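Below you'll find the structure, written out as structure tokens, and then a few comments.
When a ligand or atom number is given, it counts from 1 through the structure's own listing order. A quick note: this is a predicted structure, and the numbers were derived from the prediction, not measured.
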Amino acid sequence: MKPVDIDALFLGPKSENRDFFKEALDFMMDEHIHWRRNFHPDDKDAITLENRRQDGFMSTLDRTREVLDELSDKLKASSLPWHSPRYLGHMNSDILMSATLAYMGVMLYNPNNVAGEASPATTIMELEAGQQMGKMMGFDPDKVWGHITSGGHIANFEALWFMRGLKSFPFGVKAVAPELLGSQSDWELLNLTPGQIFQLMDQTKDKGLFLEARKHSVRYTGMTADTLGQLIVPQSRHYCWDKAVDVLGLGLDNMTKIQVTSAFRMDMGHLREVVLDLMNKKIPIMGVVAVVGTTEEGAVDEIHEILKIREEAASKGMTFYFHVDAAYGGYNRSMFLDENDQFMSYSEMKGTLHEEKIVHRDLDWPPERVYQAYKAMSEADSIVVDPHKMGYTPYSSGMVVARDKRITDLISYFAPYVWTKGDLITTDRTS
Ligand SMILES: *Cc1c(COP(=O)(O)O)cnc(C)c1O
């Protein structure tokens, strides 16, 4: 691979790369202008020279200029100098030239990624980006599904939607195909692993009963108080979790908060205690959320230890969906991967960080606990990462990745005015 020079990636604190930037911007704009002109080149101009000489035309453009002046004044007077190395007040920094140029270029084509027909180029790119993100998180790129959202808020909302739909699906199966469940009790149904539930989804699809089963899941029945149990979050969670629990009707009473240690990491002793206590009380756990890079402190929860607690609970008949909120720290996982996207050994990684001068030679980073936490992220059921944080892209972009794309069958809807195909869809729409 050819070396990458960071100095060539950003506009620069003094706009040092302005020549390249403007040239590339011009290129993107020209390309678009030509593209418009080449669409039915025989069509006459709709806006004629005469039109453009009208008073109203000129004054309308003048007004646009005034508005842009005003906007620019406001932006210059009060924006934060995120591009400057002097600024450390927020998590933001300069943004990538490639991302900014691409964003401005794509905007002119105005694709709507809600459906492939309205965004033939960018929907495919979104799917690719989802696969790439999944790969960076250590998921199987053939099974993963990623979705770009407006930010970490919506991405986490979506993850909670996944877990809510998944956890309730076995009750749909109980209603329409109980023979698939044998003699399992409700407690056992509440404690099936995501893998087992995906298998049930496949089995009901084989029998043509999937849509019917889904009608008896939370998607149709709605939430009834504490049906799916508790959502466990650390005290250090981002406040979007409180909003998500509220909006999705889970109720804040069903959110259990785990204390954090003096280093702002989820206290594993307390988590274990809570899990065992809920188990004794026969209160199910819908999911556990861990944070990789807390918003205020950058603390990394011990993902590998949480997985051990899940294993211990599983040996006693209880399990839970596991989500990692890595909105802030997710991109750091790239530092743990070699050029072939393989997770490096601890010593290899530390050596590389020193050799590449990414970490100062006097610094011993990362601590093993952080290394293990990042490594274990590949075991999560879903992960949220914000490109508009450490991905250095402009606002607003978040992303949710699910380890198993079958999850989309529980959450997707189809707009009647958008062209779609497939049995699932048409049958569902008649209901
Ligand atoms: C920033 C952040 C969010 C929310 O992201 P937005 O992009 O601001 O919506 C969620 N979780 C964590 C850990 C964050 O740092």
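- Near G151, the atoms of ligand 1 lying under 4.0 angstrom from a non-hydrogen atom of the residue are 7 (O), 9 (O).
- Those atoms of ligand 1 that come under 4.0 Å of a heavy atom in T295, given as number and element, are 12 (C), 13 (C), 14 (C), 15 (O).
- Protein heavy atom nearest atom 10 (C) of ligand 1, with residue, atom name and distance: H238 CG, 3.3 Å.
- Contacts classified as side chain to side chain donor-acceptor pair (under 3.5 Å) and involving residues 22-34 (residues at least two apart or in different chains) are given here: H32-R36.
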What do the steps show when you test R237 against D325 for salt bridge (Lys or Arg N to Asp or Glu O under 4.0 Å), and what is the final call?
-> CA-CA 8 Å; R237 73 197 173 281; D325 180 2; over 6 Å; no
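- Scanning the protein heavy atoms around atom 1 (C) of ligand 1, the nearest turns out to be K389 NZ, 1.3 Å.
- D409 has no carboxylate O lying under 4.0 Å from a charged side-chain N of R214, or vice versa, which leaves the two without a salt bridge.
- Annotation: cation-pi pair R219/Y413 present, NZ/CZ under 6.0 Å from the ring centroid and within 45° of its normal.
- In terms of the ring pair (Phe, Tyr, Trp, His ring centres under 6.0 Å) criterion, H83 has no residue partners (sequence neighbours excluded).
- For ligand 1, one of its N or O atoms has an N or O atom of D325 under 3.5 Å away.
- With respect to atom 6 (P) of ligand 1, the closest heavy atom belonging to the protein is G152 N, 3.3 Å.
- Aromatic ring orientation, H238 versus H153: perpendicular (interplanar angle above 60°, classes split at 30° and 60°).
- From the protein, the heavy atom lying nearest to atom 8 (O) of ligand 1 is H153 ND1, 4.0 Å.
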